[in-house]
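In what follows, a structure is listed as structure tokens, so that the remarks can point back to it.
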Number of protein chains: 2
Amino acid sequence: MKRVKKKLFSDFIARKGLKSTRQRDTILEFFLASDRHMSIEELYLKVRAKHPNIGYATVYRTLKLFAEAGLAREIQFGDGQTRYEHVNEGEHHDHLVCTRCGTIVEFENPVIEKLQDEVAKSHGFLIETHKMELYGLCPKCRK
Amino acid sequence: MKRVKKKLFSDFIARKGLKSTRQRDTILEFFLASDRHMSIEELYLKVRAKHPNIGYATVYRTLKLFAEAGLAREIQFGDGQTRYEHVNEGEHHDHLVCTRCGTIVEFENPVIEKLQDEVAKSHGFLIETHKMELYGLCPKCRK
DNA sequence: GATGTTTATGAAAATCACTTTCATTACCAT
DNA sequence: ATGGTAATGAAAGTGATTTTCATAAACATC
Ligand SMILES: [Mn+2]
Ligand SMILES: [Mn+2]
Ligand SMILES: [Zn+2]
Ligand SMILES: [Zn+2]
């Protein structure tokens, strides 16, 4: 899986005429090894712990590249920080977010997706993307 | 309807031991008269046109109060501005957002809502709120 | 109606999370 | 090895809030 992502990125780099750099490789390594839904700051801190010379701006720019290359996606849970999650070929999911501890659970529901398309169609919209997040207490925090 | 909202707010003011002020009344008036989904800046500009002495900070703080009082809700469509929409007793809706012209259409879909509850339950979550937005081109922008 | 206490207001400063700038490095095709 | 680009990091800039603080306005109580 990591191999696939790395290939995806190096192909992207080549296709765009960009350069392969130590920093980009390092950041990709950390991104792939990380939990999902990392904020720029969080990833930057993890990277910096091992590579104090890599700057915030580079992490920021590299995450944008990952998104452009199709291996990451920007998400916004309303806490004021942009997060990046992993994208897997042909996969789509939405989120359950715990309002107490921040736990994020992913889910897929084809029936809902289909209904969303119908809603859009009934209003004459041509849907490009959508966002669905359910906020509440996770099993642990309910107790 | 406006009467109900004003009552709701004055009750809130009283209950919280806050003060009734000219500014709050004015801002509420403009909020109730406005289209839905206004950003702070937009409402501030409308208010300022007639009341040049009311400051941005007051509009900002007053909108927060409206939300706390239950007559407005903060929404975030990813354009970098916080917006406030009207809340009507016992009503819930989600949004279709045109990515080209910004048009916002509201819709309700009980079937989706029910499925969302089921998803949450199957993951042991106790849902408090949710967010569902469908982004794409509105009928006009499709042409 | 005047007064005292408390909350609200407005202008300006401070935050926050990016986003861009720019001098300096690092890539990489000769 | 070298020259031409692209990338990097530190710092400055942005834009949308969010907070601070001196002053003003409410609203109970004289
Ligand atoms: Mn989905
Ligand atoms: Mn709405
Ligand atoms: Zn939790
Ligand atoms: Zn449109």
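Note on naming: letters A, B, ... go to the chains in the order of the sequence lines (proteins, then strands), and numbering restarts at 1 for each one.
A continuous path of ILVMFWY side-chain contacts below 4.5 Å connects A/Tyr84 to A/Leu8, so both sit in one hydrophobic cluster. Under the 4.5 Å side-chain heavy-atom criterion for ILVMFWY residues, no single connected hydrophobic cluster contains both B/Val4 and B/Phe30.
Within 4.0 Å of A/Ser39, counting heavy atoms only, lies no atom of the nucleic acid at all.
Side-chain atoms of A/Gln23 lie closest to D/dG9 of the nucleotides D/dG9, D/dC27, C/dG10. Across D/dA7, D/dT19, C/dC18, the shortest atom-to-atom separation from the side chain of A/Ile40 is found for C/dC18. The side chain of A/Thr21 lies closest to D/dT8, out of C/dG10, D/dA6, D/dT8. You'll find that the side chain of A/Arg22 is closest to C/dC27, out of C/dC27, D/dT17, C/dT20. Nearest to the side chain of A/Ala57, among D/dG9, D/dC27, C/dT9, sits D/dG9.
Checked against B/Phe31 for a ring pair (Phe, Tyr, Trp, His ring centres under 6.0 Å), the options B/Phe66, B/Phe9, B/Tyr44 give a single hit: B/Phe66.
Note that CD1 of B/Ile40 is 8.0 Å distant from CD of B/Gln81, once rounded to the nearest 0.5 Å.
Dashed line: the shortest gap from a side-chain N or O of B/Thr82 to OP1 or OP2 of D/dA16 is not under 4.0 Å. Between A/Lys64 and C/dC18, a side-chain N or O to OP1/OP2 separation shorter than 4.0 Å is absent. Regarding contacts with the backbone of D/dT18, a side-chain N or O of B/Tyr60 is found under 4.0 angstrom from either OP1 or OP2. For B/Arg24, no side-chain nitrogen or oxygen approaches OP1 or OP2 of D/dA26 to under 4.0 Å.
Nearer the 5' end of DNA chain D, as judged by each residue's closest nucleotide, is the contact made by B/Glu41, out of B/Glu41 and B/Leu18. Mapping B/Tyr56 and B/Gly17 onto DNA chain C via the closest heavy atom, the residue that lands nearer the 5' end is B/Gly17.
Side-chain to base pairing of B/Arg61 with D/dT20: one donor and one acceptor N or O lie within less than 3.5 Å of each other.
In this entry the distance linking CG of A/Leu63 with C1' of D/dA7 reads 16 Å, nearest Å. What separates CZ of B/Arg83 from C1' of D/dT17 is a distance of 15 Å, to the nearest Å. We find that CZ of B/Phe77 is positioned 17 Å from P of D/dA16, with the value rounded to whole Å. If you measure from atom CD1 of B/Ile13 to atom P of C/dT6, you get 19 Å, rounded to the nearest angstrom. Counting to the nearest Å, the P atom of D/dA28 and the NZ atom of B/Lys19 are 9 Å from each other. Between A/Glu74 atom CD and C/dC18 atom C1' the separation is 10 Å, expressed in whole Å. Rounded to whole angstrom, the span from the CD atom of A/Gln81 across to the P atom of D/dT17 amounts to 16 Å. Going from atom CE of B/Met38 over to atom P of D/dT17 covers 13 Å, rounded to whole Å.
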Please step through side chain to side chain contact (heavy atoms under 4.5 Å, CB included) for the pair B/Glu91 and B/His86, ending with a clear verdict. CA-CA 10 Å; B/Glu91 175 194 310; B/His86 296 238; over 6 Å; no
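The residues B/Asp11 and B/Lys7 are annotated as salt-bridged, a charged nitrogen and a carboxylate oxygen being separated by less than 4.0 angstrom.
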